[in-house]
Amino acid sequence: MQGRLVYPVAHSPLIDKYRGQYTNAQLVIDEKKNRIFIMVQVNLPDKEVMKKEDVKVLGIDRGIKNIAVLSDNTFFNSKHLREVKGRYQYLKRRLQHSGTRSAHRKLKKLSGRERRFVRDINHTISKNTVSLPYDVFALEALNPAYMRENVQCKKIRKMLGSWSPSELQRFMEYKAEDAGKTVIYVNQKFTSQKCSKCGYVSKDNRHGSIFKCKNCGFELNADLNASRNIEVLGKSEYFRLMSTSQSLRFNESPLTCGEKNSNKLRSFS
Ligand SMILES: [Zn+2]
């Protein structure tokens, strides 16, 4: 009634990237949480299909001791994360013990700072990874239900606190999208048991952090071996999806994991 009103909106960088190309927009009002969302839609041309030998795929293994190991031999270990988390835990315990109102305030502040610290770590890892000269980034599919219930995931939470592999995954996805690259998900089955050199699969190939093949004797850091298997799986999955994407409906995203990938998931160790 009083003319146009202008409000600032918190948004992802993608919104700016595609400004002017929106084909549809929808206002969603969440009365319960007293929030308003704007959903915008853009139509993008299909990505050009590259020749198989030209596509560069990077495999990424996620875990506890190493947050991420890339198949190009890059390791992101969790040492710093664990140390800082330990410091926060100590401070939080002391504040909880005192129980005063000011302690409660400080506690809240501390949790916020801890969350931001973890988020920064995930931003750094995803940024550094996506900027590498690869077209496709292959990760193991993580099932949300598995993440909640699995013992190994509880172990992650205990060891690494609020760090979560799914936040890293989200950051990877939007940074890759922004760079015109692709994140792809593979079935993690056997990625930690399979020899990345000869393909032999056995539980006995793995000795803690060392992988030693019972068949060909190949020896490598276990997480690095897994990331190389993920790379190979990622490449074939990428081409499988590229060849079937023509028959997918518009609302089926060919490049994200579906239920079919949610079989028993590999344990983190
Ligand atoms: Zn082997």
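Indexing begins at 1, ligand by ligand and atom by atom, following the structure's order.
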List the atom pairs, with distances to 0.1 Å, where a side-chain N or O of residues 98-108 and a protein N or O form a donor-acceptor pair under 3.5 Å, not counting sequence neighbours.
from, atom 1, to, atom 2, distance (Å)
S98, OG, L95, O, 3.2
T100, OG1, A103, N, 3.2

Could you list the donor-acceptor pairs under 3.5 angstrom formed between side-chain atoms of residues 66-74 and any protein atom two or more places apart in sequence or on another chain?
from, atom 1, to, atom 2, distance (Å)
N66, ND2, D223, OD2, 2.9
S71, OG, G59, N, 2.8
S71, OG, E231, OE1, 2.8
D72, OD1, T74, N, 3.1
D72, OD1, T74, OG1, 2.7
D72, OD2, T74, OG1, 3.3
N73, OD1, R228, NH2, 3.0

Using the salt bridge (charged side-chain N to carboxylate O under 4.0 Å, His left out) rule, pick out the option among K79, R87, K85 that qualifies with E83.
-> K79
Around the Zn ion (ligand 1), how many protein N, O or S atoms are closer than 2.8 Å?
-> 4
State which residue, out of T129, L168, I230, V183, fulfils the side chain to side chain contact (heavy atoms under 4.5 Å, CB included) condition with I60.
-> T129
Verify same cluster id: I121, Y88 (apolar side-chain graph, 4.5 Å) | yes
Summary of ring-ring contact (aromatic ring centres under 6.0 Å, His included) pairs that have at least one residue in residues 106-129, sequence neighbours excluded | H80-F117, H123-F171
